[in-house]
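Numbered from 1 within each chain, the chains take letters A, B, ... in sequence-line order.
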Number of protein chains: 2
Amino acid sequence: MSIGPPNGPLSRILDELHARFGPTTDGQVASYIPELASADPTLFGLALTTMDGFGYASGAAATEFTIQSVSKPFVYALALADRGMDEVLSRVGVEPTGDAFNAITLEPDTGRPLNPMVNAGALLVSSLVDGATAADRFERIRGWLSAFAGRELRVDEKVFRSEQLTGDRNRAIAYLMRNAGALSGDVDEICSVYFRQCAVMVTCEDLATMAATLANGGVNPLTRRRVLSDELVGRVLTVMTTCGMYDHAGEWMLRVGVPAKSGVAGGICAVLPGQLGIGTFSPALDATGHSVRGVLACNELSTRFGLHLLRTAGLPAHPVRSTHRADAVSSKRVRSPRERRALSEHGAAIVVHELQGDLAFGSAERLSRTVLAHLDGVRWVILDLRRVGRLDESAVSLLRALLDELAQRGVTTIFADPKGLAGVGQLLRADGSTERVRDAEIALEWAEEALLSTRDMQTLSPSAQVPLGTQELLAELGAERVARLRALTETRAYDKGDIVFQEGDPADALYFVTRGLVNVDVVTSGGGRRFRLNTVPAGSAFGELALIDGGTRSSRVVVAEPTECAVLTVPAFEKLRHQDPALCDALFRAIARSLSARLRQATREIQALEA
Amino acid sequence: MSIGPPNGPLSRILDELHARFGPTTDGQVASYIPELASADPTLFGLALTTMDGFGYASGAAATEFTIQSVSKPFVYALALADRGMDEVLSRVGVEPTGDAFNAITLEPDTGRPLNPMVNAGALLVSSLVDGATAADRFERIRGWLSAFAGRELRVDEKVFRSEQLTGDRNRAIAYLMRNAGALSGDVDEICSVYFRQCAVMVTCEDLATMAATLANGGVNPLTRRRVLSDELVGRVLTVMTTCGMYDHAGEWMLRVGVPAKSGVAGGICAVLPGQLGIGTFSPALDATGHSVRGVLACNELSTRFGLHLLRTAGLPAHPVRSTHRADAVSSKRVRSPRERRALSEHGAAIVVHELQGDLAFGSAERLSRTVLAHLDGVRWVILDLRRVGRLDESAVSLLRALLDELAQRGVTTIFADPKGLAGVGQLLRADGSTERVRDAEIALEWAEEALLSTRDMQTLSPSAQVPLGTQELLAELGAERVARLRALTETRAYDKGDIVFQEGDPADALYFVTRGLVNVDVVTSGGGRRFRLNTVPAGSAFGELALIDGGTRSSRVVVAEPTECAVLTVPAFEKLRHQDPALCDALFRAIARSLSARLRQATREIQALEA
C-alpha cells in the first residue's frame with residue numbers, strides 16, 4: 001500500500017485524532033478469552049484506504065491482532081456467494097435484535113438465528129461455507145479474507161487455542177441450534193472453524209483495505225481484483241448497517257452513520273460506499289464490546305467530515321447542461337453553401353442535449369422530462385455523454401423506457417459516448433432507432449447527413465472531383481485568373497491515413513482539396529487525446545495561414561478518404577505576387593474572408609463549449 | 001402538484017405497476033380499528049414526487065386515508081426540533097427491536113421505549129411536542145404534517161373516534177411507561193393527541209411529497225419552504241432505516257433498501273435521498289402489518305431501478321478534470337509582447353486545476369493529493385469550480401486542511417466560483433492566502449497580474465495614453481503612414497459601462513484603443529449568461545472584421561475603464577483605399593496577421609475547453 005505524503009492533510013488529521021484520543025483511559029480489554037486479556041490497552045492505530053488504493057495511517061497501524069467478529073460480514077458474503085441469497089436467508093434471518101453479540105435468542109419456531117452478526121448467526125453462516133472438510137472450509141475462509149485484505153493472512157494459534165478452551169457459550173449456542181434443527185454437522189468441527197476464523201490476524205490497515213473493497217463495489221483497490229459481486233456488496237453493507245454494531249447499532253447509525261463491524265480484539269472496520277475504507281485498532285472496549293478509541297475516532301471523523309450515509313447532500317445539478325439545435329450549431333464538416341442553407345433551415349429537427357454529472361434515477365427522470373419537452377419537430381436526438389461520470393443501473397432502466405417512447409414517435413437517438421460508459425450498450429435497440437458514436441461531433445455530422453439525405457442532398461461522394469474553378473475560395477476570381485493560378489500549383493495525392501502535415505511543421509503551402517476528404521485535428525491541452533477541428537471535403541481549402549503569417553503549423557491534417565490536392569506553395573505564391581499582384585490581393589482577401597468566417601465559427605464553438 | 005405527461009416513461013411504469021399488482025387478492029384490511037375494517041381492499045394508488053416538485057401518479061392517488069404510523073417519523077422530527085437530540089434520545093431509544101409495532105417491550109431499568117417507530121416510542125414522542133395544551137400540541141402536529149405535505153391536512157373524525165374507543169392497548173402501554181417514570185402527563189390526553197395524529201387524512205400523493213421533502217434535505221419541493229434542518233433529516237432517515245418497518249425492517253432494507261415507514265390504513269412513504277419521494281396506498285395488509293401492494297410496488301421499483309441505498313455505484317470520476325499551467329494557457333487579457341514573454345517564461349508558477357463532479361470526502365482527498373503533486377515551482381493555485389455540482393460538508397473540512405498546508409508553503413489559492421457554491425465561503429482565509437473570484441478567466445488574469453507585478457511589470461495604468469503610432473497593429477507602418485491614417489480616424493470617448501456595439505449591430509468600423517480598457521463578450525449558446533472573449537487594453541484594436549467581411553457584429557464590446565478610441569469607419573477606409581492603396585494593403589495584411597493570431601488563440605482555447 002502506498003502511504004500518503006506525511007504532510008498531506010488527511011495524514012495530519014489522522015495524527016490529530018491519534019493524539020487526541022490516544023490518552024483516554026476508558027474501557028477495558030476483553031477478558032473472556034484469556035489470550036486477549038493480555039493485550040496492551042494503550043495500543044491505537046488508524047488507517048484509511050482510498051478507492052484508488054492509496055493508504056493513510058497513524059499509530060499502531062502495522063500491529064497485528066485477531067479479526068474476531070469483524071470476520072462476520074465477510075464470511076456472510078462468502079456463504080451468500082456459495083449458497084445464494086435464498087438459501088442463506090432461509091437459514092439465518094436479517095432482523096436486528098437489539099441483543100448483545102453473544103445473545104442466545106433464536107427464532108421461536110425454527111431455531112433460526114435472528115441475524116448473521118450475532119454469534120449464533122455467524123456460527124451458522126460459517127457452517128454454510130462450501131468445503132469437503134472442516135479444513136477445506138477454513139482454508140476457503142482464510143483465502144477469502146486474504147482476498148479482501150490484499151495479502152495472505154494467517155492464524156494466531158495461541159488465540160485460537162485460547163478460544164477453543166473457553167468457547168463453551170458458543171458451543172452451547174451451536175447445540176441449541178442443532179437441537180432446533182437449524183444447524184447440521186459436527187458441532188465441535190463447526191465451532192473449531194469459527195474459532196479459527198476469529199483468530200485470523202489483521203492490522204488496521206488490512207481492515208481499511210477490506211472496508212475499501214466493499215466501498216469500491218467488491219473490487220479490492222490494491223490488487224484490482226474483484227472479490228465480491230456488486231449485488232452481494234449491497235446485501236453485506238445492509239446487514240452491517242442494520243445489525244453490525246449489535247445492541248449499539250441504532251445509536252451508531254444515528255451518530256456515525258456508516259456501515260461498520262467491530263471485533264472483541266479491538267478492531268473496527270467501517271465503509272464509506274464509493275469513497276473510503278476505515279480501519280481502527282485499539283483493544284480497550286466499552287460496555288457494549290466496541291473499541292473505545294475506535295468508536296471515538298469514527299465518531300469524530302463522521303462528525304467532522306459529515307460522512308453520515310443519510311446526511312442529504314442537496315440537489316444534484318440538472319443532468320442537462322445545455323440544449324441546442326443543429327440550426328444554431330453545426331458539425332465541423334465544411335459544407336457547401338446549399339448544404340449550409342438546408343441545415344440552417346431544417347436543422348431544428350436535430351436536438352443536442354449535453355448531459356453532465358452522474359445519472360441516477362432522479363436525474364434520469366429529469367433528463368426524460370427535458371427530452372420530451374424538446375420534441376417539437378425533432379427527428380434526431382443526440383445525447384452527449386462526454387461529461388457524464390457514470391450511468392447507474394437505475395438510470396439505464398428509466399432511459400430504456402424513454403427510448404421506447406422516442407422510437408414510437410419515429411425519433412432516432414444518437415449517443416455520443418467517448419468514454420464507452422458501462423450501461424450504454426443496454427440502451428441500444430435492434431430496431432435502428434438508436435446509434436452509438438464516439439463523440440458529439442460525429443453524432444452531429446451523422447444526424448446532419450441523415451437530415452440532408454431526407455432532403456435529397458446526399459453530400460458529395462468522396463470520389464467526386466472539384467476543379468479549382470469551382471473551389472469555394474476561388475469562386476469570385478474568374479476563369480482566366482484561376483487558370484493562371486492553376487499553372488502555379490502542383491498536384492499531390494494522398495491515401496487514407498496519410499498525414500499531410502502536423503503540428504510544428506513549417507507552414508509552407510495552401511492546399512485546395514480537389515477530391516476526397518481530410519480531417520484537421522489538434523491535441524487537447526491536457527495532451528490526452530486528439531480532437532477534430534474541421535473536416536474538409538473536396539471544394540474547400542486548408543492551410544491558409546501559411547500565406548499570411550508563415551511560422552509553423554498549429555494543427556495536424558490527416559487524410560480521411562483518398563485525396564487529391566492542388567497545392568500552392570509559399571515560393572509559388574511569392575512568384576505570383578510579383579507576376580500578378582492584383583490576383584494575389586484578390587486571393588488574399590478571399591483568405592481573409594475565410595479566416596474571418598472560421599474565427600466566427602470558432603467563437604460559436606467556444607460559446608457552445610462554455611454554455 | 002404538476003402531474004407528468006401521461007405518456008412519460010415514468011407515468012407508464014407506474015401504470016404498469018398498478019396493472020400488475022392491482023389484481024392481487026393477498027392480505028387483509030386492518031380490523032382492530034373498526035372504522036378501518038370497512039376500507040375497500042382493492043384500492044391501490046401510487047405516486048412519486050421529484051426534487052423539483054414534479055408529480056407522477058397512478059390509480060387511487062387522490063383517495064384520502066388516515067396517515068396512522070406514517071406520522072411517526074415526522075412527529076419524531078418535530079420533537080427533535082422542539083427538544084433537541086439529547087433530550088429526545090434520553091427519553092426514547094433508537095435501537096431496532098425486531099418487535100412488532102404494538103410491542104410492549106420497554107428498556108428494563110428505565111421504562112424507556114426502545115425506538116420511536118413502535119407505538120410505545122411514538123406515544124412518548126408525541127407527548128414531547130411543545131404546546132401549552134393538548135389541543136395546541138395537536139394543532140402543531142397537524143400544521144407540521146401539513147408543511148411536509150404542502151397542503152392543509154385535516155382529521156378523519158370517525159376514524160379518530162373509532163381509535164379512541166378501541167385504543168386500550170396503547171393506553172396500557174402509556175400507563176406502563178408512566179408507571180416506569182418514562183412518560184409524564186395525562187395519559188388520556190396524550191393518547192387522544194396520538195390518536196388524532198394517526199387520524200390525519202392524506203393521499204398517497206401527500207405521502208410522496210412528504211417523502212420528497214425528506215429526500216430534498218428538508219425543503220418541501222412543492223412549496224420550496226424549509227420544513228426541517230438538514231441535520232435532523234439525517235436523524236429521521238436513520239431511524240426510518242433501522243426501525244421504520246418494525247420486525248420487517250431488516251428484510252425490507254435487504255430487499256428494498258430505502259428508508260420507509262408504513263401505516264395500518266395502507267400507506268407507505270419511502271425516501272430516495274436526493275432523488276425522489278414515493279407514496280403508496282392500498283389497505284390490504286400482510287402479516288407484519290404492511291400494505292401488500294405497497295410492498296410489492298416498492299420492491300419492484302427498487303429491484304427494477306436498482307434504488308437500494310447501499311448498492312454501490314462504482315468509482316466517481318476523478319475530481320480534477322484537467323490541469324494546466326499559465327505558461328501554456330493565458331488569460332483573455334490582450335498582453336504586450338514583453339508581458340507575453342514574461343508569462344510564457346514564468347507562467348509555470350500559476351497552476352489551474354479544473355474540477356468536476358460533486359466534491360465529497362473521497363473526491364476531496366484525491367483533489368488534495370493532485371494539488372500537492374503539482375506544487376513544484378508553483379505560487380498560485382487556481383481551483384476552477386465551474387463544473388463542480390456541489391461541495392459537501394465533508395469536502396469543505398478536508399480542503400480547509402489542504403489550504404492550511406498551501407498557506408504554510410506560501411502558495412495563494414484562487415477559487416473560480418461562478419455559481420457561488422455553498423461551502424466556498426468557509427474555505428476563505430483571513431491571511432490573504434485565498435481569493436474568490438467569479439470565473440477561471442478572472443482568476444487567471446488575477447494570478448497573471450500578481451506574477452507580473454513580482455517581475456516589476458505592472459500592467460499599463462488604465463489612464464495611460466497609447467497613440468496610434470505605437471499601436472500593435474500599426475507598429476510596422478512607419479510614422480508618415482500612421483499620420484495619414486490618423487487624419488482619417490475620429491476620436492470617440494466612452495465611460496465605464498458604455499456599450500460600444502453589440503451583437504447584430506452593423507460592423508462598420510475598426511477601433512484602436514488609445515486609452516482605457518474594454519471587454520469583448522458573447523452570450524453562451526444556451527442563452528444563459530455572457531462570457532468574456534477578450535479584454536482589450538490601450539494599444540490594441542478591436543472590430544477588425546468590419547473591414548474584411550462587413551456583415552453584423554457577432555460579439556458585444558463593453559467599456560471596463562473610461563476609454564478613448566481612434567475609430568476608422570468603413571467609409572473612411574474606402575476613402576483610404578482609393579487615396580492610398582498601398583497603405584490600405586499594409587493595414588489589411590496587419591489585420592489578417594492579427595486575425596490569424598486570434599484564430600490560433602481561439603484554437604488553443606477550444607483545446608483547453610475540450611481537454
request  = Select, from B:Met85, B:Glu365, B:Met253, B:Glu251, the one with the greatest count of heavy-atom pairs under 4.5 Å involving chain A.
outcome  = B:Glu365
inquiry  = Given heavy-atom pairs under 4.5 angstrom as the criterion, report whether the side chain, backbone, both or neither of B:Pro259 touches chain A.
reply    = side chain
request  = With a 4.5 angstrom heavy-atom cut-off, could you sort out which part of B:Leu254 is near chain A: side chain, backbone, both or neither?
outcome  = both
key: Salt bridge present between B:Glu393 and A:Arg304 (N-O < 4.0 angstrom)   = no
task = Sort A:Arg255 into side chain, backbone, both or neither according to what part of it lies under 4.5 angstrom from a heavy atom of chain B.
result = both
Chain B contact via A:Leu272 - which portion, at a heavy-atom distance below 4.5 Å = side chain
task = Ignoring hydrogens and angles, tell me if any N or O in the side chain of A:Lys419 forms a donor-acceptor pair with the backbone of A:Val388 under 3.5 Å.
result = yes
query = Which atoms of B:Leu402 come close to chain A, meaning under 4.5 Å heavy atom to heavy atom: side chain ones, backbone ones, both, or neither?
reply = both
task = Mind listing the closest non-hydrogen atom pair of A:Phe361 and A:Ser394 along with its distance?
result = N-OG, 3.0 Å
message = Under a 4.0 Å threshold between the charged nitrogen and the carboxylate oxygen, would B:Arg12 count as salt-bridged to B:Glu16?
response = no
key: Closest-packed option against chain B by number of heavy-atom pairs under 4.5 Å, given A:Leu10, A:Asn115, A:Thr242, A:Leu276   = A:Leu10
ask   = Without hydrogens or angle criteria, can the side chains of A:Ser363 and A:His318 be said to hold a donor-acceptor pair below 3.5 Å?
value = no
query = Of the non-hydrogen atoms in B:Gln275 and A:Ala360, which two are nearest, and what is the gap between them?
reply = OE1-CB, 3.4 Å
key: Lys/Arg N to Asp/Glu carboxylate O, A:Asp52 vs B:Arg369, below 4.0 Å   = yes
message = Counting heavy-atom pairs closer than 4.5 Å to chain A, which one of B:Leu399, B:Thr241, B:Val271 comes out on top?
response = B:Thr241
query = Side chain, backbone, both or neither: which part of A:Leu89 has a heavy atom under 4.5 Å from chain B?
reply = side chain
ask   = For A:Gln408, is it the side chain, the backbone, both or neither that has a heavy atom under 4.5 Å from a heavy atom of chain B?
value = side chain
